[in-house]
Colleague: 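What follows is a single structure, and I will ask about it in a moment.
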Amino acid sequence: MVSLDISDYAGFDILEKFQQSWAEIRKEGHDSARAVKRLQTVLEALDSKYSKLSSKCDQFFDHLITLHTVAETLNILAGDLGRLLDEFKDLEEILLLLESVCDEEEQVERILRANDENHSLRVMRQKEIEDLKVSLAKDHAAYLENLERERVERKQITEKAIHSAIWES
């Protein structure tokens, strides 16, 4: 029997190279498939993160759009607060003036009360003086009357004494 060596065939080299290439291609295909699956997992995770970030960006843009309105509202509020502060300062000045007027009014009332008390005291003293004058006038009149009576009595006694001295001598 004649032994035939497969290596004698011309296409054996090509077949062997084909089988090696096919094995490498198949291995690279499996590796690529695994890499594609990993990449697909990563891409799905990135897509999920992108969706979340996109949603958050949409919310952020909505907030940015309203930010202009909020800034205008804050400017209006700042202006209103400024006017309110000015009004409070004006009110504070008015209250200080009112307090000053009240203090002056209290001082005027104290002075008027003191004047009324002085006037009442003066009227009372004047009445006491008038009563004292009347009393002194009565006492003086009584004293004068008493002096006059004593003078008249002395005069009568003197006249009697003179008269009796004249008549007796």
Side-chain angles (χ1 to χ4, degrees), residues 1-140:
M1 224 197 227
V2 179
S3 87
L4 286 175
D5 196 10
I6 296 184
S7 58
D8 290 339
Y9 291 110
F12 180 73
D13 262 350
I14 295 174
L15 181 61
E16 199 176 291
K17 284 183 183 180
F18 175 76
Q19 284 177 345
Q20 285 177 355
S21 294
W22 181 254
E24 285 178 17
I25 289 173
R26 192 167 177 225
K27 185 181 173 202
E28 287 177 8
H30 284 294
D31 290 344
S32 295
R34 274 188 246 126
V36 165
K37 282 185 181 181
R38 279 184 292 198
L39 187 59
Q40 188 177 6
T41 306
V42 169
L43 286 175
E44 286 174 358
L46 286 174
D47 183 52
S48 173
K49 286 184 179 180
Y50 174 78
S51 296
K52 289 177 184 176
L53 283 175
S54 175
S55 171
K56 288 183 180 183
C57 282
D58 289 343
Q59 290 176 350
F60 179 69
F61 287 129
D62 289 343
H63 290 304
L64 279 178
I65 290 170
T66 59
L67 188 61
H68 178 68
T69 308
V70 169
E72 286 179 357
T73 304
L74 285 176
N75 283 336
I76 291 170
L77 283 175
D80 290 346
L81 286 175
R83 284 189 293 279
L84 189 60
L85 182 62
D86 290 341
E87 289 177 11
F88 276 130
K89 286 180 182 176
D90 291 345
L91 185 60
E92 183 181 24
E93 288 178 17
I94 290 170
L95 288 174
L96 289 173
L97 287 173
L98 182 61
E99 184 180 359
S100 169
V101 167
C102 288
D103 290 344
E104 289 176 8
E105 182 67 26
E106 287 177 5
Q107 188 176 9
V108 166
E109 284 181 15
R110 269 189 255 118
I111 291 170
L112 288 176
R113 227 179 293 121
N115 284 345
D116 286 345
E117 289 173 5
N118 286 339
H119 179 69
S120 296
L121 189 59
R122 197 176 302 122
V123 167
M124 188 174 72
R125 295 288 183 218
Q126 191 68 30
K127 187 174 184 299
E128 287 176 0
I129 290 172
E130 290 298 322
D131 290 346
L132 188 57
K133 281 182 181 179
V134 168
S135 174
L136 286 175
K138 284 181 185 177
D139 288 347
H140 184 67

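In what follows, residues are counted from 1 in the order of the sequence shown.
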Colleague: Count the heavy atoms belonging to other residues, nucleotides or ligands that lie under 6.0 Å from CD of E109, then report whether that count exceeds 12.
Modeller: yes
Colleague: Between K27 and E24, is there a side-chain heavy-atom distance shorter than 4.5 Å?
Modeller: no
Colleague: Are R122 and R125 side-chain neighbours, meaning at least one heavy-atom pair lies under 4.5 Å?
Modeller: no
Colleague: Can you sort out the partners of D116 under side-chain contact (heavy atoms from CB on, under 4.5 Å), two or more places apart, ordered by chain and number?
Modeller: none
Colleague: Out of curiosity, E44 CD to L39 CG, how far, rounded to the nearest 0.5 Å?
Modeller: 10.0 Å
Colleague: How long is the span from the CG atom in L121 to the CD atom in Q126, to the nearest 0.5 Å?
Modeller: 11.5 Å
Colleague: Got a second to check how far T41's OG1 is from L46's CG, nearest 0.5 Å?
Modeller: 11.0 Å
Colleague: Rounded to the nearest 0.5 Å, how far apart are SG of C102 and CG of L97?
Modeller: 11.0 Å
Colleague: Working to the nearest 0.5 Å, report the span between OG of S48 and CG of L53.
Modeller: 9.5 Å
Colleague: Compute whether any side-chain donor of one residue and acceptor of the other, for E72 and H68, lie under 3.5 angstrom apart.
Modeller: yes
Colleague: Sorted by first residue and then second, give each salt bridge (charged side-chain N to carboxylate O under 4.0 Å, His left out) pair with at least one member in residues 76-87; sequence neighbours left out.
Modeller: D80-R83
Colleague: Are any non-hydrogen side-chain atoms of D131 and K127 less than 4.5 angstrom apart?
Modeller: yes
Colleague: Tell me whether E92 is salt-bridged to K89, with the criterion being a basic N under 4.0 Å from an acidic carboxylate O.
Modeller: no
Colleague: Would you say the side-chain atoms of S55 pair up with the backbone N or O of S51, donor to acceptor, closer than 3.5 Å?
Modeller: no
Colleague: Could you measure the distance from the CG atom of L91 to the CG atom of L96? Nearest 0.5 Å is fine.
Modeller: 9.5 Å
